[in-house]
**Student:** 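Let me give you the structure first, and then I'll get to my questions.
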Amino acid sequence: MVAAGRRGADAGPSTVVRLRDRVLAAVRERIRRVRTIGGLALQAGLAAGLSWFVAHSLLHVSQPVFAPISAVSTLAASVGQRLRRTVELIIGVTVGVLIGDLLLLVIGTGWWQLALIVVLAIVVALFLAGSAAVVVQAGATAVLIVTLSPVVRDLEIPRFVDALVGGGVALLVTAVLLPLNPLRVLNRAARPALDLLATQLDATAEALSHRDAAQARAARSELRQSAGRLKAFVEATQGAREASTLSPVYWRQRHGPVGRYARAAEPIDRAMRNSGTLIRRSVTLIEDDEPVPESLPTALTDLGEAVRLLKRQFAAGVEPNRAREQALHAVRMAGHAYRDGVGFSGAVVVAQVRTTVSDLLVASGLTQEDANHLVRRVFGDLREPADQ
């Protein structure tokens with residue numbers, strides 16, 4: 001009874017600690033989300049106010065409700081697709097207006113007329129573009145035309161003007177008035193993914209050093225959370241390309257730091273996947289009690305440091321030469337481990353170090369051919385391991 005009571009007392013504080021850690025992690029994640037999206041909120045607010053002013057005060061639209069809605073809708077599109085969303089917005093409104101007006105003249109108004117007009121507007125929108133945004137705008141505009149035209153005169157032109165003004169102002173805000181720094185956007189999006197990769201590589205290196213399979217399994221589980229972070233990074237690269245294309249302030253970055261960073265998304269994705277295989281095989285290596293040469297954990301530590309250097313040098317907008325050197329040092333240490341003697345899973349871990357380094361070198365700006373050549377040259381002799 002006493003032992004059971006002691007175990008219950010021990011379990012209480014540990015549960016509280018876990019709960020506290022989860023709450024703090026959730027708060028940090030929400031703060032990061034607000035910091036990431038805060039610029040978008042400012043852009044949306046400015047675009048909404050400015051589009052209403054333009055439509056109401058300059059173009060004399062009496063109730064320019066849809067101009068700010070169109071502006072916010074454009075800015076709410078996935079970052080990197082705002083120009084496309086503006087075009088889709090205008091196409092959808094045009095289809096809805098034309099179908100609604102033409103059919104109203106022929107069949108009049110009523111519940112079944114509304115249903116028919118919406119169906120036809122959506123079908124035409126799908127035929128012309130096939131985008132969900134176009135379909136939504138076409139259907140919504142057709143509803144407005146059918147339901148409001150009998151009581152609101154000349155609704156069609158203001159609706160079209162609102163869409164044009166809202167989308168145009170949103171692009172103006174994005175490109176000129178309040179452009180987001182594309183390099184900063186990329187840094188914020190890439191940091192969580194790269195930090196996760198580096199941290200789990202370090203954890204796996206420590207697990208190999210201490211033959212701790214549980215720690216390696218924990219690293220494997222943590223790395224599985226990379227999908228959402230990688231998706232955010234890929235979307236950020238699209239947004240950075242768009243920002244550096246539309247905004248004159250950042251035109252120079254298109255082919256410099258932003259271009260290099262954007263091209264790195266795909267090879268970093270591959271590096272994540274290959275590192276996942278590396279960590280899974282490390283778990284098997286430990287569980288099967290295979291040999292672990294001292295240079296093998298060192299190779300993983302070097303690989304994690306290469307990821308950190310790549311992140312820092314990308315953020316600084318400089319050529320990632322130090323990251324390349326560190327990555328190649330990880331390959332060199334993996335070559336030593338291979339020749340010192342590894343088992344079956346150990347050989348797979350070594351191979352994945354080579355492959356991951358090749359991915360990182362491509363992410364740094366090298367061609368795949370040059371990256372593979374460097375990895376082969378630095379790895380050294382491919383003779384059979386000493387113990388086999």
Side-chain angles (χ1 to χ4, degrees), residues 7 10-26 28-29 32 190-230 268-311 326-327 329-338 340-357 359-360 385 387:
R7 284 197 300 271
D10 292 340
S14 64
T15 302
V16 172
V17 170
R18 286 197 299 271
L19 180 60
R20 183 199 63 190
D21 291 343
R22 288 179 183 176
V23 170
L24 290 176
R28 283 194 295 267
E29 175 63 23
R32 185 189 66 81
R191 188 181 303 123
L194 295 176
D195 283 345
L196 177 66
L197 176 57
T199 300
Q200 302 319 317
L201 286 171
D202 286 347
T204 306
E206 186 174 349
L208 286 173
S209 295
H210 297 94
R211 291 188 172 275
D212 188 341
Q215 186 176 10
R217 283 192 292 269
R220 179 185 61 191
S221 298
E222 288 292 327
L223 194 63
R224 286 173 178 168
Q225 300 177 13
S226 64
R229 302 184 190 190
L230 277 171
I268 286 175
D269 184 12
R270 294 199 303 268
M272 284 285 217
R273 297 175 189 276
N274 286 316
S275 295
T277 302
L278 183 157
I279 295 174
R280 285 195 300 273
R281 274 299 178 174
S282 295
V283 173
T284 306
L285 183 158
I286 296 169
E287 291 176 339
D288 290 350
D289 199 26
E290 292 186 13
V292 181
E294 185 178 344
S295 49
L296 188 57
T298 303
L300 269 60
T301 301
D302 289 341
L303 188 55
E305 182 60 23
V307 173
R308 291 191 181 88
L309 284 171
L310 188 66
K311 179 192 69 173
Q326 186 68 33
H329 191 267
V331 170
R332 186 174 292 108
M333 297 308 294
H336 293 329
Y338 181 74
D340 286 343
V342 291
F344 178 78
S345 293
V348 175
V349 171
V350 168
Q352 291 304 123
V353 171
R354 287 177 51 136
T355 306
T356 303
V357 167
D359 294 331
L360 293 179
D387 293 340

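Values below: every heavy atom of this structure, side chains too, minus hydrogens, waters and symmetry copies.
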**Student:** Mind listing the closest non-hydrogen atom pair of Ser275 and Leu223 along with its distance?
**Tutor:** C-CD2, 3.9 Å
**Student:** For residues Val342 and Ala347, report the shortest heavy-atom separation together with the two atoms involved.
**Tutor:**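 For Val342 versus Ala347, the nearest heavy atoms are CG2-N, 3.7 Å.
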**Student:** So Gln215 and Glu206, do their side chains get closer than 4.5 Å, heavy atoms only?
**Tutor:**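 With C-beta onward as the side chain, the pair touches.
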**Student:** Please walk me through it: do Leu296 and Val350 pass side chain to side chain contact (heavy atoms under 4.5 Å, CB included)?
**Tutor:** CA-CA 8 Å; Leu296 188 57; Val350 168; 4.0 Å; yes
**Student:** Check Asn274 against Gln352 and note the closest heavy-atom contact, atom names and distance.
**Tutor:**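 Here Asn274 and Gln352 meet closest at O-NE2, 3.1 Å.
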**Student:** Is the shortest side-chain N to carboxylate O distance from Arg217 to Glu287 below 4.0 Å?
**Tutor:** yes
**Student:** I'd like to check Gln326 versus Leu310 (side-chain heavy atoms, cut-off strictly below 4.5 Å). Are they in contact?
**Tutor:**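 Sidechains of Leu310 and Gln326: no contact.
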**Student:** Could you measure the distance from the CG atom of Asp359 to the CG atom of Asp269? Nearest 0.5 Å is fine.
**Tutor:**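 Between Asp359 CG and Asp269 CG, I get 9.5 Å after rounding to 0.5 Å.
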**Student:** Is a side-chain donor or acceptor of Glu290 paired with a backbone partner of Leu285 at a separation under 3.5 angstrom?
**Tutor:**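 Checked: no pair found.
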**Student:** Got more than 12 heavy atoms from elsewhere within 6.0 Å of CZ, Arg270?
**Tutor:**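 Yes, enclosed.
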**Student:** Just do the side chain to side chain contact (heavy atoms under 4.5 Å, CB included) check on Leu300 and Leu278 with the steps written out, would you?
**Tutor:** CA-CA 9 Å; Leu300 269 60; Leu278 183 157; 3.6 Å; yes
**Student:** Which heavy atom of Ala330 sits nearest to which heavy atom of Val357, and what is that distance?
**Tutor:** CB-CG2, 4.4 Å
**Student:** What's the spacing between Ile279 CD1 and Glu222 CD if we round to 0.5 Å?
**Tutor:**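 Spacing of CD1 (Ile279) from CD (Glu222) equals 10.0 Å.
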**Student:** Would you please say whether a donor-acceptor pair under 3.5 Å links the side chains of Thr277 and Arg280?
**Tutor:** yes
**Student:** I need the minimum non-hydrogen distance between Ala299 and Ala334, along with the two atoms involved.
**Tutor:** CB-N, 3.7 Å
**Student:** Between atom NE2 of His329 and atom OG1 of Thr298, what is the distance when rounded to the nearest 0.5 Å?
**Tutor:** 8.5 Å
**Student:** Please tell me if the side chains of Ile286 and Asp212 come closer than 4.5 Å, counting only heavy atoms from C-beta onward.
**Tutor:**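 A side-chain contact under 4.5 Å is absent here.
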**Student:** What is the minimum heavy-atom distance between Gly341 and Pro293, and which atoms define it?
**Tutor:**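 Residues Gly341 and Pro293, closest heavy atoms: O-CG, 3.3 Å.
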**Student:** Please identify which of these residues, Asp202, Asp302, Asp195, meets the salt bridge (charged side-chain N to carboxylate O under 4.0 Å, His left out) condition with Arg308.
**Tutor:**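 Output: one option passes, namely Asp202.
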**Student:** Please determine whether side chain to side chain contact (heavy atoms under 4.5 Å, CB included) holds for the pair Leu303 and Leu360, giving the CA-CA distance in whole Å, both sets of side-chain angles, and the decisive distance to 0.1 Å.
**Tutor:** CA-CA 9 Å; Leu303 188 55; Leu360 293 179; 3.7 Å; yes
**Student:** I'd like to check Ile268 versus Leu197 (side-chain heavy atoms, cut-off strictly below 4.5 Å). Are they in contact?
**Tutor:**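 A side-chain contact is absent here, since even the closest heavy-atom pair is not under 4.5 Å.
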